[in-house]
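Just so we're clear, the structure is a prediction, and the values are computed from it rather than from any experiment. Order of the sequence lines fixes the chain letters, A, B, ..., with proteins taken first and strands second; residue numbering starts at 1 for each chain.
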Amino acid sequence: GAASTAAPADAEPKTGGDLVFLIDSLGATWIPNNSSISSYQGQIWGNVTDKLVYVDAEGNLSPWIAESWDENADKTQFTLHVKPGVTFSDGTPLDAAAVVANIDIWAKGRPDEGINRIGLFPSANYQGAQAVDATTVTVSFSAPTLSFIPTLAYHGSILLSPETLALPAAQQADLTQDIGSGPFVVEKVAEGDSVVLKKRDDYDWGPEAVGHEGAAYLDTITYKQVAEPTLRTASVESGQAQVAYNASPQDLDALKQEGLTVETPRYLGFVNGYALNTSVAPFDDIKVRQAVQHGIDRDEILSTVYTSDWHAAESFFQSTVPEATDHTADFSYDAAEAASLLDEAGWVKGSDGVRTKDGKKLSLTLYPNPYLQASQSVDELVDQQLTALGFEVNLETYDVPTYSQKVIGNTTVPATEITRSFVDVGAVAGVLTSQKKGDEDWFRLGTSDATLNDLSTRIATATDREARAEVADELQGYVLDQAYFVPLTQIVQRVYVQAPEVSGVTYNGLAYAYYLNAWLNG
Amino acid sequence: MTAAPLLAQRSRTARVRGIRLSVPVGVLASFAVVAVVLAFSFAPALFTSQNPAQGVPADKLQAPSAAHLLGTDHLGRDLFTRIVYGAQSSVTSALVAVAIGVVIGGLIGLLAGFLGSWTDVVLARFVDVLLAIPAFLLAVVIVSSLGFQTINAAIATGVSAVAVFARVMRSEVLRVRSSVFVEAARLQGGSNLHVLFRHVLPNASRSLIPLAVLQFGLSILVIAGLAFLGYGDPPPASDWGLLISAGKDYPRAPWLVLWPALVTVATVLSINRISRWLRRTS
Amino acid sequence: MTLALSRADDVPLATPALLNVTDLSVSYGRVPVVHDVSFAIPRGGSLALIGESGSGKSTIARSILRLLPRGTGRASGRVELDGAEVLGLAEARFRPFRGRRFGFVPQDPAHALNPVRTVGSQAHEAAALSGLADAGEQRRAVLDVFARVGLPDPRRVYDSYPHQLSGGMLQRVLIGLAVLPRPELLVADEPTSALDVTIQKRILDLLDELRRDLGIGLLLITHDLAIAAERTDEIVVLKDGRVQEAGPTREVFAAPTSPYTVQLQADAPALNPDRYRRDDGDRGVDAWIPDTASARIEVREVSKSYDGSARPAVSGVSFRIPAGTTHALVGESGSGKTTTVRLLLGLEDLDAGEVLIDGAAVTGRTAAELRGIRRHLQLVYQNPFTSLDPTWSVGRIVREPLDRYRVGTRAERAGKVAEALDAVGLSPHLARRRPDALSGGQRQRVAIARALVLEPDVIVLDEPTSALDVTVQAGVFDVLRRLQRERGLTYLFVSHDLALVRQIAGTVSVLKDGRVVEAGRVADVLSHPREEYTRALVDAIPSPYPRSPR
Amino acid sequence: MLRTYGRFALRRTGQAIVVVLLAYLFTFVVISILPGDPVTSTLRNPDNGFTEDDIARIVAYYGLDQPWWVQLGSSLGRFVVGDLGVSLRSNLPVSGLVLDALGSTLSLAAAALLVAVVLAVAIAYGTQFLPPRWGQGVLRSLPSLFLSVPNFVIGLLLIHVFAFGLGLFSMIDTETPWGTFFAAVALGIPVSAQLAEVLIASLDHESRQEYVAVARSRGLRSGALFLRHLVKPSALPTVTVLALIVGELLGGALITEAIFGRVGIGTLVESAVASQDLPVLQAVVSLAAVVFVVVNLLADLAYPLLDPRVAVGRSGRPVSVAPRDEPTTPLREEVSIV
Ligand SMILES: Nc1ncnc2c1ncn2[C@@H]1O[C@H](COP(=O)(O)OP(=O)(O)OP(=O)(O)O)[C@@H](O)[C@H]1O
Ligand SMILES: Nc1ncnc2c1ncn2[C@@H]1O[C@H](COP(=O)(O)OP(=O)(O)OP(=O)(O)O)[C@@H](O)[C@H]1O
Ligand SMILES: [Mg+2]
Ligand SMILES: [Mg+2]
């Protein structure tokens, strides 16, 4: 288990207590498929629903509602063995039939009725699921799908009562009608304001990895929306709440000094960094790309924007990803090296400090990623650092809707700032090139880089995890060597500031707070 | 029937005004504040040698000191410098807002009041709609449609002020249009256009000036409010509203909120004072 | 002032003057406006305070009543009522004097009552002062006093809001409320300047009567010399806050000693009916042109009703004005004078009748033709404060007609403007000023200059001096008379001031309720009025020689 | 009188309805200028991993693939019969969302109005009667100061002092009496400034009127003078401005609610704006217009009944029947909010 706890080792868990969790937003709709991956609503779904598989902070998978599973040799056929005796909070059994109904809706959704499918579910290869008996489910795919089992641990794959799944979208959007099997049930919803969860007394099927039997300790959890970050932390400081979500990194040291606990779990996925667009100037030149890699002082970012809870990137992936390997040397900070790379590439510094080549300025526009809170500050600092190097840097900040219109999918954006989680390294294959329909082609290489094509295919079609890990290492080395990707820091997208009495909170591989095992001291 | 005493009264106030034309100290101080702010926005480099966008990260969040008069922000940028440079966009955007309000609102009011009949009816309904939607809500809706940038916030603020200017202009035009000197101008052989541009417009716009000054101050606040909600330019821009809203995230560095807020209050207060003075003297 | 002072000293100690003002000086802020004024009023006596606008008359009244604006107004000197000094009293000790011993009739009846409360509810405040506590008794007292001041329907007045009453009625209400508590001294600040001559006379008669019957002392403020002469025992002449002359009215009039008083007396039309008749052979005033002479302007049977009013504003009005003469339109307020003028100028559409200029009908002309006609037909408005664009300079205002009609070159226009300003006696340096920076008389001269600059042959003057002091008025008419002589201009002159009409017009039409009730030579009509209405108008002209009917 | 008043009432009501419909239309047009739609942009979140095919089908579900006039027609058709549609963001019926939010906002607005009126009357009374002269001067400059402080600064200040410093209310449950009170203070202060300015100006104006001097010459005490002569005429223009200010309260709620963590119309708008939730925005804007229009309609209808100087003309328009130069007769068409 990966229970991180602030309580002294000898403290005995206490039953009872009400926890108030202050959150920036309660997200948009509550239609489960549409909202379960939300950074905000995911917090609540995680406590009111269970999943088939559990993933811990280090990316290890372990059984949960699926007691065990089998897979065939070419990883196209999976058999899940469902834990018996599990019920939804309305009393209906969580059996094989219910699992089939859930897998079906994850894979397909009901788009014509406004219900999305689960985005990262390997729907393209999905052939179907069958309940063999009350506790056995078989799932088949048309191609090797190593990512299927990890996906079951993904925050999107929450199990809901088949009756809920059959409801029309407008009723699913009412959280009180969404029935899960988790340790807490929804007690009260004030739209846009708060959600109150109440413990489910007969709960007894928490993930083995968490190491907790029976019902939760806490009586209730109140998720209360407070949009201002300082008001959230101030409320915890003044004892009006127990947890403040997403505090500003700048504040953390001071908060710790006041005796509060700060939790900065990292999720599995890519590090924060820029995917460079090789199809437009100046990043069509490898030397310029490398200059950016070496021109960024990550320590300064860590010390200015973040705190000691953040870690420098060591690779293209977060170091908690099991397949991640250390490639720090490929992109270490070296301003002199960066400058000489730019000189070599023919970019000459002018009197205003900006480099030019053939009359064109070395300019670059950065678009801070609205999904990452500190992105703005990081980009401002990168702006300062690259300006010193002779770049002319512009910052364009957009809100989420504008960002998704103007930046996402825009093939002229020179550098896209990445924040992206995944539970299985197989997902990486989909972002590197444009070999398959739906591939994202982050670096705008198309299929022009044969090495990358090959690496990407090998990751995607792997049927063996060990072998795939080696390919992943090779891939990380290649991408960083070609300077397609400029890593900045490892992402902590979810920061929790807690009152000292909060103990026993568990963070899974997606860094959501799970309160099954949590209690309040004193 | 009451012409004579009325006139006596009017001439007296005119005489009284003649006595009072000296400018009060408070107004002089207000002009000084506004002059400094304008100087900030036209020649920021005169007031500070530092760079508003480049800071020394090691010096982050320093309290006010000799090196950093008003302290530094979370990236070690000098707050005073940022305020000085922020004046430009705060002032220009407020000017843009006022210009939109005055020009569009003034035009609507002028046409509605001067042409009357169905033009008046149509324009009046349009103005009613603008007026019926709370100004700040209207600005938010418009800025959400144009995109979250300071210039768009300024445009939105301007549009939300159109109704006020249109109404004042219209009633002024109606007043002037029916005044005796306009009829006199007609008797002197003046055409419609001549009367409109030479008599009605200059007279009607006189009362628009204090209103425009007042709106200038209000616009600074509205744009700051929009920036506060995140509907303006992002950092490293340093509009005052943005500085306040970014500063509030650092409760341990209260100067980050205090100084931009004080500068904003001082500026708006001075502008309001000037507007009041103009209204009283014009 | 020394005069008044010595007179006050003459009064035996046993019967102290009712009001004794000694060395009163008043300033607003740092600006002194009244300097060392002294006078006294015996019990039941009357004193007139006269002087031009702004000379400090109201200020003196307000200092006595302690109604100077708080904060700015400051008075020094002594004001004694029945020997008791009141200027230095604490407000709480002075309050019993208010209303009970000092009654006040304000200058402007239209603004002297709270507009959102009924007249009756405000009258109770006055009734309460007379010691009546019971609301019913108070009401009865109020209705009584309303009847006493000649209000036709006291009950209706009691229930009305101020705006529902005419100026004359309001003035009577105010007088009634002031005398209701039977004060010892009534201060009446220009109680009639806002009113028609006929009503004016009635009000002044009422005041005389009350003074006689109730033994109330009267301080009457006026700028009208004739009224002062007719109605008061003593007079104090003010100019710029200083006493110019004081003494028994009769003596002052018989032998004025200060040049200012001399001038005032000379300028007052009622006191000088023949001012302009001295220039012999002046057709404007005296000539009576036979019907056969061709008329420069002829108005035939014109009628006009405004939307929504039952009675026509003008109905069947006719008159003709031969070239080079002055015709006057007179009548009380609302009798249709202005409407007739507007019809003549084509500013309103005629319902019936026609207007002929040089024998040709004006109606049915195109806009361009009308414009051509207007070139020779100029109007001077009643009110010089509204008829000039405040944003324009005087030079530009006067040049406007030239610009509009594209007369001559730039230089020629400048020359004509200078000429016109010169003709009305305005110095050229005023051309750069804006109207706000001019006095009322100067403004009206600018308006006349603007009317003159196109060299029209007809000028219509709608009460051109009703807003001005007599001295200023005299100046304006001097100019008009001179221009008529020099250029042979034709004037249509609108007024309700018969004394003035007698001075300057040759022929006259008397209007009542939109109809001409009498017309003819001024000398005939005013000396031998045939109609009752005209007689009333003529009688209302204040007579300069008090209590000695001619 | 009754006939013309009826015509006047009818005319004003008709205008009010037209204005609300136009406000609805206006919002639609303004929001629809923007290319793209909220659903697409949410689905485009790269974490979702949707294909364009998936997105197109969902967009079709919301009817967002239709040409704008079809969308406008159907939504206007629904609006006229009182159906506000379904939120694009939360998939819940808009009417429910708005009703839920309305209660909190109305109580906040009502409290703020109360705070504003009390504060404004206190300030205005003080400027006329506070004994020390300098005190009057200080009070006179208060409205101007209130109007110069960004209201979010006031809000933040109140929270830090009273919620965290003194612990009078908590940010968790902001709908407590103290929580509502301080939010109302933050919202009410700028409004009180406007009211106070009008009130002071009209008190100043009225007390300079001749009739006040004349009433004083009848020996009235200051108190009686204030109550009998000054209150009513100064209150009339203030009522007019008060009606115009209602809109301001709704607009100001946007920031106040965001800061005080209250759920109401303001927060509804904020989230709707962030997600381009057109049906919600349209509903809120129309609602605000309805509130504004109804309040002003009532004020308009009441005015000729309250002020004896204003009557309804035969054309069905209110006209001033007082002497033309009467500046205290604010015909509503001439009053402006500044
Ligand atoms: N409240 C005031 N503040 C400052 N100056 C004033 C005030 N009232 C009057 N004055 C000035 O005092 C002088 C005397 O004014 P006052 O009203 O006593 O004149 P008046 O003789 O009554 O004139 P009118 O015939 O026009 O009524 C004028 O110059 C006037 O401008
Ligand atoms: N524009 C108008 N609309 C309606 N009625 C009007 C209008 N102008 C004047 N009247 C009415 O027509 C009648 C004549 O008014 P007019 O102005 O001609 O009188 P006047 O003799 O010039 O009075 P005064 O001496 O007061 O200037 C009055 O009863 C007046 O109320
Ligand atoms: Mg006076
Ligand atoms: Mg007239």
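Proximity to chain D (any heavy atom under 4.5 Å) is shown, for R100(C), by neither the backbone nor the side chain. Both the backbone and the side chain of L113(C) come within less than 4.5 Å of a heavy atom of chain D.
Most heavy-atom pairs under 4.5 Å with chain C, from the set A215(D), S207(D), S217(D), A213(D): that is S217(D).
The minimum heavy-atom distance between P115(C) and Y211(D), with the atom names listed, is CD-CE2, 3.5 Å. Contact detail for P106(C) and E210(D): the closest heavy-atom pair is CB-OE2, 3.3 Å.
Within the model, atoms CG of L220(D) and CG of L129(C) stand 7.5 Å from one another, a figure rounded to the nearest 0.5 Å.
Looking at heavy atoms from C-beta onward, Q122(C) lies out of side-chain contact with R228(D) at the 4.5 angstrom threshold. Looking only at side-chain heavy atoms (C-beta outward), R216(D) and R66(C) stay at 4.5 Å or farther from each other.
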Do any side-chain atoms of residues 172-184 of chain C form donor-acceptor pairs under 3.5 angstrom with protein atoms, and if so which ones, sequence neighbours left out?
residue, atom, partner, partner atom, Å
R172(C), NH1, G150(C), O, 2.9
E184(C), OE1, R101(C), NH2, 3.1
E184(C), OE2, R101(C), NE, 2.8

